[in-house]
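Everything below concerns the one structure shown next.
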Protein chains: 2
Amino acid sequence: MTVLSGPWTLYLIWVLSQQGATRFGVLRQEISGISTKMLTERLRMLEREGIIQRHYQATIPPQVSYDLTDKGAELIAILGDLYSLAERWYGESSEAAHCLN
Amino acid sequence: MTVLSGPWTLYLIWVLSQQGATRFGVLRQEISGISTKMLTERLRMLEREGIIQRHYQATIPPQVSYDLTDKGAELIAILGDLYSLAERWYGESSEAAHCLN
DNA sequence: CCGTATCCGACCGGATACTG
DNA sequence: CAGTATCCGGTCGGATACGG
């Protein structure tokens with residue numbers, strides 16, 4: 001729970017679960033409002049926790065993408081349950097896209 | 001998710017789920033390290049969200065207790081899943097008692 | 001393109017004191 | 001007993017600039 005509680009963490013996982021492997025720059029755009037500092041911080045943390053994987057391509061310019069590990073995928077089921085509950089509680093209008101803090 | 005992300009929130013819910021209705025002072029002792037300010041803040045927030053209920057007895061001295069609503073009880077199943085996952089990931093040694101931030 | 005390094009202001013949360 | 005009010009220091013996170 002400590003892991004998941006950080007800002008943007010759950011939304012970041014959610015985005016990756018929807019799109020699969022995604023590049024750094026795309027994530028920064030997709031998660032509108034996040035700073036590069038925060039994004040890298042969350043990505044490193046989730047990588048340490050074994051929830052996401054980093055893929056590095058030493059091309060020019062370099063390409064880096066991130067996706068969920070198997071461990072990360074296990075979370076999706078639970079997060080899905082939570083989102084379902086949220087929909088029942090707050091109505092269909094509630095979007096999954098929330099910054100957590 | 002925003003609701004659950006605040007500090008102590010999940011642990012507070014967890015404690016209430018284990019013990020049922022619990023008085024303010026007991027919670028303060030049980031959740032060792034929490035300040036009265038933080039405790040009341042979380043309690044008020046969870047009450048607003050309809051996750052817990054406040055019971056006030058105008059005795060002298062007054063007695064106030066808190067317990068989960070039906071809505072709150074719905075969360076327990078999901079939290080239980082999450083704790084199970086955490087146990088598989090981090091081993092039996094991991095305790096449920098974590099402060100979230 | 002994908003970051004790291006540094007600075008800095010805002011806010012959060014603890015400690016303390018006080019009330020019905 | 002169960003809080004509220006106030007102050008204040010530490011930390012978190014954004015902005016900015018820079019590097020491989």
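Labels below follow one simple rule: chain letters A, B, ... track the order of the sequence lines, proteins then strands, and each chain is numbered from 1.
Side-chain proximity of Y66(A) to the nucleotides dG3(C), dC1(D), dG3(D) is greatest for dG3(C). Comparing atom distances between the V64(A) side chain and each of dC2(C), dC1(C), dC1(D) picks out dC2(C) as nearest.
Residues I60(B) and Y56(B) do not share a hydrophobic cluster, defined by chaining ILVMFWY side chains whose heavy atoms lie under 4.5 Å apart. Hydrophobic cluster membership is shared by M1(B) and Y90(A), with clusters built from Ile, Leu, Val, Met, Phe, Trp and Tyr side chains linked at under 4.5 angstrom.
Atom pair H55(B):NE2 and dG3(D):P shows a separation of 13 Å (rounding to whole Å applied). Residue E30(B) contributes atom CD, which lies 13 Å from atom P of dA2(D) at whole-angstrom precision. Atom-to-atom, CD of Q57(A) to P of dG3(C) comes out at 13 Å; the value is rounded to the nearest Å. Here dG3(C) presents its C1' atom at 10 Å from CG of L39(A), a figure rounded to the nearest Å. Rounding to whole angstrom units, CZ of residue R42(A) and P of dT4(C) are separated by 14 Å. One can place CZ of R28(A) at 8 Å from P of dC1(C), the figure rounded to the nearest angstrom. Distance CD1 (I31(A)) to P (dG13(D)): 14 Å, rounded to an integer number of Å.
End-to-end axis angle for the helix from dC1(C)-dG20(D) to dG20(C)-dC1(D), using five pairs per end and rounding to 10°, comes out at 50°.
Note on E49(B) versus K71(B): no salt bridge recorded, every NZ/NE/NH1/NH2 to OD/OE distance being 4.0 Å or above.
Considering only heavy atoms from C-beta on, L75(A) comes within 4.5 Å of W89(B) through its side chain. I52(A) has its side chain out of reach of L12(A): every pair of non-hydrogen atoms, C-beta onward, lies at least 4.5 Å apart. Using a 4.5 Å cut-off on side-chain heavy atoms (C-beta onward), L43(A) and R54(A) make no contact. Side chains of L16(A) and L46(A) form no contact here, defined as non-hydrogen atoms less than 4.5 Å apart. Using a 4.5 Å heavy-atom cutoff, the side chains of Y66(B) and Q53(B) are not in contact. At a threshold of 4.5 Å between non-hydrogen side-chain atoms, the residues V64(B) and Q57(B) do not count as touching. Looking at heavy atoms from C-beta onward, Q63(B) lies out of side-chain contact with H55(B) at the 4.5 angstrom threshold. A heavy-atom distance below 4.5 Å is not found between the side chains of E74(B) and D70(B).
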So which protein nitrogen or oxygen atoms get under 3.5 Å of nucleotides 14-20 of chain D's nitrogens or oxygens?
residue, atom, partner, partner atom, Å
dG14(D), OP2, S35(A), OG, 2.6
dG14(D), O6, K37(A), NZ, 2.4

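Look at R54(A) and you'll find a side-chain N or O under 4.0 angstrom from OP1 or OP2 of dG3(C).
Counting all heavy atoms, side chain and backbone alike, S17(B) lies closest to I76(B) at CB-CD1, 3.3 Å.
Note on R44(B): only backbone sugar-phosphate atoms sit closer than 4.0 angstrom, heavy atoms only; bases stay farther off. Across all strands, Y56(B) comes closer than 4.0 Å to no nucleic acid atom at all (heavy-atom distances).
Toward the 5' end of DNA chain C, the nearer of the two residues Q63(A) and E41(B), judged by each one's closest nucleotide, is Q63(A).
For the segment residues 16-27 of chain A, residues with any heavy atom less than 4.0 angstrom from an atom of DNA chain C are, sorted by number, R23(A), F24(A), G25(A).
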